[in-house]
Each structure stands twice: as structure tokens, then as C-alpha cells.
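Along the sequence shown, residues carry numbers from 1.
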Amino acid sequence: MSILIALIPALAWGSVGVVTTKMGGSAGQQSLGMTFGALIFGLVTMLFYVVPNAGVDFAFNSRIWVVGIVSGLVWAIGTAGQFIGFKKMGVSVGNPISTGGQIIGNALMAAAVLGEWTTGKMWLFGSIAILGVVFGAILTSLPDPNAPKEVNVNRDFKGGLLAMLISTLGYMMYFVLPNLLYKTGYISDALHGAPDGSGLYYMTAVVGPQSIGQIIGTFLIVIFFMKEQATMFERATWRNIITGLVWALGNVFMFISAANPAVGQATATTLSQMGVVVGVFGGIFILGEKKSKRQMIYAIIGSILVVLGGVVMANLGAL
């Protein structure tokens, strides 16, 4: 059951690209709409789950709010870097770099810094699983070499690579910050372990303030980086609230899984990236994106590698 719960983020996050494409809008409108949806989900989680079960004092604990807001801000940095990278490199090149970077950074951060991989076998098979997921993600995104070349006046591979590095660091800190600040002692054992040592209250309590940090960060990005302040409250923004609700569902289950000792941060973050499979085939069968025969073969092989890598990661604890 723990692994099934850990797969919910993959389903939700893999669907985000499909949903936001259906909702339409510019990058800024999609970003703002998504964060508005995340804010609604975060506040509902806080008011209707955390407060009734853990109490008002726990829900509004100042240290939890610091963790949540900072986590939301670095998420916004990750999102900004990703958008800039896509613009400079193109989505077909930037997407696998982003996915692969997040998988490697998050899993190794959790394994090395949080100490979740404790044996040589776990390191060996965990590293093989990461490589499988990364290579699979790249295969699913390979363009058709016979297709017309995309014209991009903003093409800047080095600049895009730097943006993706910043994005990866932002997303990595967003993922691991709640557990990292617990490991360093900023969050006490009692606060983290409530109610039964699983960390369930702590991880769900982070979601509310995190969504506020995301809103603050996204407004700054849309206004000062994307320069879309004139159109940021148009209808497309409000439609993308649905995108945010889908994303937020995956977010809360990712943090719940990361707090679960039976899953852990490294496995939870790697499984969450399996959503690339959902995104690829959702784009093909729901959005009607065209793929050549070669691209379909690559997509199928890549998806199999992603799933196999996820299966290995999910069973590391048995080694």
C-alpha cells in the first residue's frame, strides 16, 4: 500500500502537462493558476486535516511555517529556472535534462545526506535504478531527427544548461528541505514524529505555508522575469487552478511518502518522476501529439526502463 500511495505523485504530476495544455494560457498564467490551485489545496489540507487532528498550535508552529515558506520559495526558483531553460534549449532537450537532474539530485541527496541508503547493495542497485530512470526519461523525449528543425532565436545551450542547474537545485531543496531541517535538528523529534513516529502531521502541516511561499515566489517570477503582469489575471489563469489542484494532490502524497520509513525520500522522489510515462502517453493519446514510428519505439523502451527503475527503487529496503 505504501508504494501505491508513493505512485500517486507520478500519476498527478505526469498529468499536469496534459491538464495545463487543455486549460491553455501563457507560461505565466499557467504558473499562477497552478499556484492558486496549490494554495486552495494547501489551505484545505491545513484547515480540514491538520488543525482538527494535530491542533491549532501544531498547524501554526513557527518552525513548520519557516520550513514550508522557504520550501515554496525554492520551488518557485526551480520553476523559473525550468521555464528559462525551456526557452533557451527547447522543451525536447530541456525536459529530459530537468527530469534526469531532479532524479539524480533528489535521490543522491536523500541517500547521502539523509542517510537512507545504508548498505553497499542499496547504493549499487539504487544507482543502477537511477541510471535506468534517467536513460528511460531521455528516450521518451528524443525528437525525430527527420522532423523539421525548430527555429529558436533565443537558443543558448550554455545559458539553458545553467538555468536547468539552478532549476534542479531549487527543486531538490524543495523536495528534501522538510526532512533535511529535521535531520539537522531545526525540527525536533517530537514535532516531526507526531502522531505515531511517521511524520504524517509534520509533512501535511508543511503544505499550507509551502503554498504561500509558492504564491509569493511565483508572483515575483511572473512580474520580474516573465514580464506578464498585464495578463496575469485573465481567464486562462483561473482555468489553471484545476492544474494546481492536480499538482497539489501529488505534492501532499509525495511528502507523506517521503515521511514514511517504509518508503523514504530517495524512493519517493524517484517514483514521483515516473510521471514522465504518464506525460508522454497522455500527450499522445489525449492531446493527439504526433509521434513517428521511431519515437514510439523509443517512448515504449524508455517507459519500460523508467518502470523497471522504479520497481528496483521501491524494493531497495529488501536488500
Side-chain angles (χ1 to χ4, degrees), residues 8-46 68-87 91 94-95 98-99 102 106 163-164 166-168 170-175 177 204 206-255 269 272-273 275-276 278-279 282-283 286-287:
I8 293 175
L11 180 62
W13 291 349
S15 303
V16 163
V18 176
V19 174
T20 195
T21 301
K22 286 288 188 182
M23 296 301 105
S26 67
Q29 290 167 339
Q30 290 170 335
S31 298
L32 270 179
M34 188 165 79
T35 51
F36 287 152
L39 177 64
I40 293 170
F41 195 99
L43 294 179
V44 168
T45 301
M46 181 176 68
I69 289 175
V70 173
S71 175
L73 288 172
V74 293
W75 175 89
I77 292 172
T79 301
Q82 192 174 64
F83 276 123
I84 294 170
F86 285 164
K87 187 173 183 180
V91 174
N95 188 56
S98 177
T99 300
Q102 289 178 59
N106 292 329
M164 283 302 181
I166 295 171
S167 172
T168 297
Y171 280 140
M172 180 177 70
M173 292 309 299
Y174 143 74
F175 274 121
L177 196 66
T204 50
V206 164
V207 171
Q210 182 187 72
S211 65
I212 294 174
Q214 289 171 320
I215 283 285
I216 295 170
T218 302
F219 266 118
L220 293 174
I221 290 164
V222 170
I223 293 171
F224 295 107
F225 286 90
M226 297 182 179
K227 309 293 185 181
E228 292 188 24
Q229 58 267 37
T231 59
M232 61 185 184
F233 293 121
E234 293 185 356
R235 187 173 298 177
T237 299
W238 308 119
R239 287 199 302 266
N240 273 284
I241 287 177
I242 297 174
T243 308
L245 293 173
V246 173
W247 177 88
L249 178 67
N251 184 51
V252 72
F253 278 104
M254 202 289 294
F255 280 118
T269 51
S272 73
Q273 296 299 328
V276 68
V278 179
I286 298 176
L287 298 179

Show every donor-acceptor pair shorter than 3.5 Å between a side-chain atom in residues 239-246 and any protein atom, with sequence neighbours excluded, or say none if there are none.
unit_1	atom_1	unit_2	atom_2	d
Arg239	NE	Met23	O	2.7
Arg239	NH2	Met23	O	2.9
Asn240	OD1	Thr20	OG1	2.7
Asn240	OD1	Thr243	OG1	2.9
Asn240	ND2	Gly24	O	2.8
Asn240	ND2	Ala236	O	2.9

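- Summarising the geometry, atom CG belonging to Leu32 is positioned 5.5 Å from atom OG1 belonging to Thr237; distances are rounded to the nearest 0.5 Å.
- The CG atom of Asn251 sits 12.5 Å away from the CD1 atom of Ile8 when rounded to the nearest 0.5 Å.
- Put simply, the side chain of Ser167 never gets that close to the backbone of Ala163: no donor and acceptor are under 3.5 Å apart.
- To the nearest 0.5 Å, atom OG1 of residue Thr168 and atom CE of residue Met173 are 13.5 Å apart.
- For Phe225, the CZ atom sits in a loose shell: 12 or fewer heavy atoms of surrounding residues, nucleotides or ligands are nearer than 6.0 Å.
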Apply the test side-chain contact (heavy atoms from CB on, under 4.5 Å) to residues Tyr171 and Ile77: give CA-CA distance (whole Å), side-chain angles for both, the deciding distance (0.1 Å), then the verdict. CA-CA 8 Å; Tyr171 280 140; Ile77 292 172; over 6 Å; no

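- Take Leu73 and apply the side-chain contact (heavy atoms from CB on, under 4.5 Å) test, not counting sequence neighbours, and it matches Ile69, Ile216.
- Of the possible polar contacts, one joining the Gln29 side chain to the Thr231 backbone as a donor-acceptor pair under 3.5 Å is found.
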side-chain contact (heavy atoms from CB on, under 4.5 Å) between Lys22 and Ile286: does it pass, once the steps are laid out? CA-CA 10 Å; Lys22 286 288 188 182; Ile286 298 176; 4.0 Å; yes

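- The minimum heavy-atom distance linking Gln229 with Ile223 is given by the pair OE1-O, 3.4 Å.
- Considering only heavy atoms from C-beta on, Lys227 stays 4.5 Å or farther from Val222 through its side chain.
- The backbone N or O of Trp247 lies less than 3.5 Å from a partner atom in the side chain of Trp13, making a donor-acceptor pair.
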side-chain contact (heavy atoms from CB on, under 4.5 Å) between Phe175 and Ser272, intermediate numbers included: CA-CA 11 Å; Phe175 274 121; Ser272 73; 4.3 Å; yes

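- Taking the six-membered ring for Trp, Phe219 and Phe224 have ring centres at least 6.0 Å apart.
- Side chains of Thr35 and Gln214: a donor-acceptor N/O pair is absent below 3.5 angstrom, by distance only.
- Within the 3.5 Å criterion, the main-chain N or O of Gly28 finds a donor-acceptor partner in the side chain of Glu228.
- Across Gly42 and Ser211, no two heavy atoms sit closer than the pair CA-OG, 4.2 Å.
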Between Met226 and Ser31, does the side-chain contact (heavy atoms from CB on, under 4.5 Å) criterion hold? Intermediate values first, please. CA-CA 11 Å; Met226 297 182 179; Ser31 298; 4.2 Å; yes

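- Interatomic distance, CG of Leu43 versus CD1 of Ile40, reported as 8.5 Å (0.5 Å rounding).
- In this structure, the ring-ring contact (aromatic ring centres under 6.0 Å, His included) partners of Phe36, at least two apart in sequence or on a different chain, are Trp238.
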